[in-house]
Amino acid sequence: MQIKFLGTGGAFDIDYLNSAALLEFRGMHILIDCGFTVFTALVNKNLVNRISHILITHLHNDHVGSLANLLLYKRIIEENERPVIIYPSEHFKNQIYRFLEMQVQDPDKYVEFVSMEHLEGVTFVDTFGQHSEGFQTYGYIFEEEEQRIVYSGDLGNPDILFDKLTKLPPLNTHVYHDITFNAQNSGHTYYKKLLPYLNGNEVFGYHCDPTQNPSDNPIRLVFYEKSLLA
Ligand SMILES: [Zn+2]
Ligand SMILES: [Zn+2]
């Protein structure tokens, strides 16, 4: 299992591109989120044809803004097989479907939908309302061999996610967590809220402007970990 980020910024941190990652997992190449800078990054890095599966954390534009471009490109330019969108719930599948319908008319022409319950080693954490009021968001947990990778998605409070992790059998766990350095920002996780969870987990922050990183923050930022960047 290997994760490489295509961007690590927040919605307005243009210099650091939208947070998204490519995950090699059980023979699949999963794109996690496809915000408005992601399609360009994938084309520039010659990675579009590698993507076999797509997983979306939520429908904000910095997470799905170039999803339709990607699907159109794969069909029209690459003439590849349809990629698979893995969905955690029927309700979220319907939201993604309606979102794509407005842009490509017939989403089934471009993409296949497969429920997460048919895939081994990946589960979701329902974080509804924890990023934005009344808004559906998900975090995801991947396990392969002796390794666990956790991807928070946009999340204002880390407790649900880490509660779930403490109930799982111990494994070498890397948590990639949304982070903010502004205590007033309730839509994202203020770094001090992550401090109680650093024992037993390797935690990396993303979805931020790394130049704002306070000197007392012990959490490593994905942006500075070259081995984690695509
Ligand atoms: Zn975001
Ligand atoms: Zn968001």
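Quantities reported herein were computed from a predicted structural model and do not represent experimental measurements. Read the numbers this way: they start at 1 and go in the same order the structure lists the ligands and their atoms.
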- Query: Can you name the N/O/S atom of His58 that is nearest the Zn ion (ligand 2)?
  - Reply: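 That would be atom NE2.
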- Would Tyr176 and Phe204 count as a close aromatic pair, with their ring centres under 6.0 Å?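 Ring centroids of Tyr176 and Phe204 are less than 6.0 Å from each other.
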- Task: Return the orientation label for the Phe142 and Phe25 ring planes: parallel under 30°, perpendicular over 60°, tilted otherwise.
- Result: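 The arrangement is perpendicular - the two ring planes meet at more than 60°.
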- Are a donor atom and an acceptor atom from the side chains of His60 and Asp154 found within less than 3.5 Å of each other?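 On atom types as modelled, these side chains do not qualify, holding no pair under 3.5 Å.
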- Message: From the N, O or S atoms in Asp154, identify the one nearest to the Zn ion (ligand 1).
- Response: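 This residue's closest N, O or S atom turns out to be OD2.
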- Check all N, O or S atoms of Asp62 and name the one closest to the Zn ion (ligand 1).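 The closest N, O or S atom of Asp62 to the Zn ion (ligand 1) is OD2.
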- Check Asp163, Asp159, Thr166 against Tyr197 for a side-chain hydrogen bond (donor to acceptor under 3.5 Å, both in side chains) and give me the one that passes.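 Exactly one candidate clears the test, Asp159.
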- Passing option when His207 is tested against His58, His131, His63 for ring pair (Phe, Tyr, Trp, His ring centres under 6.0 Å):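 Answer to the ring pair (Phe, Tyr, Trp, His ring centres under 6.0 Å) test with His207 among His58, His131, His63: His63.
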- Item | Under 2.8 Å: N/O/S of His207 next to the Zn ion (ligand 1) |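 A backbone or side-chain N, O or S atom of His207 is under 2.8 Å from the Zn ion (ligand 1).
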- His63 near the Zn ion (ligand 1) via N/O/S, less than 2.8 Å: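 So His63 does bind the Zn ion (ligand 1) by this criterion.
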- Item | Contact check: His60 to the Zn ion (ligand 2), N/O/S below 2.8 Å |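 Yes, since at least one N, O or S atom of His60 sits under 2.8 Å from the Zn ion (ligand 2).
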